[in-house]
Amino acid sequence: MKCVERIILTAGFILAFAAGLSLLFCVILVGSAVSKGYTVLQFVGYWPLFTVVLLVMSGLLLLGAPHLARAIGKKKTDEENLG
């Protein structure tokens, strides 16, 4: 069960890293859009929404890793008992 939890935590940290890079990219793009006189939606599009989705997914994986690993472990033991 600890192995599954580590895998989930690793996925959460990878998504958090990707969200951090995406946030940095958004800030740079928004800064250049404002300096050139564009509206943010014209220049950046829906990239900030993608960043928010990455942040939420990483947070769910990082905070819910023990519960998710326990649920996966319980399902495996249920399948072993039936089979």
Side-chain angles (χ1 to χ4, degrees):
M1 186 139 72
K2 291 291 182 182
C3 181
V4 174
E5 188 174 346
R6 284 185 186 157
I7 291 171
I8 294 170
L9 284 174
T10 302
F13 281 120
I14 290 171
L15 284 177
F17 180 72
L21 287 178
S22 178
L23 184 64
L24 179 68
F25 189 65
C26 279
V27 168
I28 291 170
L29 283 180
V30 167
S32 64
V34 169
S35 68
K36 291 181 182 179
Y38 294 109
T39 64
V40 174
L41 191 58
Q42 284 177 331
F43 202 74
V44 179
Y46 293 103
W47 194 272
L49 182 64
F50 174 69
T51 303
V52 169
V53 168
L54 280 177
L55 283 171
V56 168
M57 285 175 47
S58 67
L60 288 174
L61 285 176
L62 291 174
L63 296 175
H67 305 293
L68 188 58
R70 195 175 316 124
I72 290 171
K74 184 177 179 184
K75 182 175 173 119
K76 280 187 177 180
T77 57
D78 289 344
E79 288 175 357
E80 290 171 359
N81 290 338
L82 291 175

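We count residues from 1, following the sequence as given.
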Chemist: Which hydrophobic side chains are connected to Ile14, either touching it within the sub-4.5 Å cutoff or through other members that do?
Modeler: none

Chemist: Side chain to side chain contact (heavy atoms under 4.5 Å, CB included) with Met57: which of Val53, Leu60, Leu55?
Modeler: Val53

Chemist: Measuring from Thr10:OG1 to Glu5:CD, what's the distance to the nearest 0.5 Å?
Modeler: 10.5 Å

Chemist: List, by chain and then residue number, the residues other than Phe17 in its hydrophobic cluster (Ile/Leu/Val/Met/Phe/Trp/Tyr, side-chain heavy atoms under 4.5 Å); write none if there are no others.
Modeler: Leu21

Chemist: Within the side chain of Ser22, is there an N or O that forms a donor-acceptor pair under 3.5 Å with the backbone of Ala19?
Modeler: no

Chemist: Taking a hydrophobic cluster as the set of Ile, Leu, Val, Met, Phe, Trp and Tyr residues connected by side-chain heavy atoms closer than 4.5 Å, whether directly or through intermediates, do Leu61 and Val4 fall within one such cluster?
Modeler: yes

Chemist: Between CG of Leu68 and CD1 of Ile8, what distance do you get to the nearest 0.5 Å?
Modeler: 3.5 Å

Chemist: State which residues pass side chain to side chain donor-acceptor pair (under 3.5 Å) with Ser58; sequence neighbours excluded, sorted by chain then number.
Modeler: none

Chemist: What residues join Leu62 in its hydrophobic cluster, counting side-chain heavy atom gaps under 4.5 Å, either direct or through other members?
Modeler: Leu9, Phe13

Chemist: Output the rest of the hydrophobic cluster of Leu24: all Ile, Leu, Val, Met, Phe, Trp and Tyr residues reachable through side-chain heavy-atom contacts under 4.5 Å, sorted by chain and number.
Modeler: Ile28

Chemist: Does any pair with a residue in residues 46-69 pass ring-ring contact (aromatic ring centres under 6.0 Å, His included), and if so which ones, sequence neighbours excluded?
Modeler: Phe25-Trp47, Trp47-Phe50

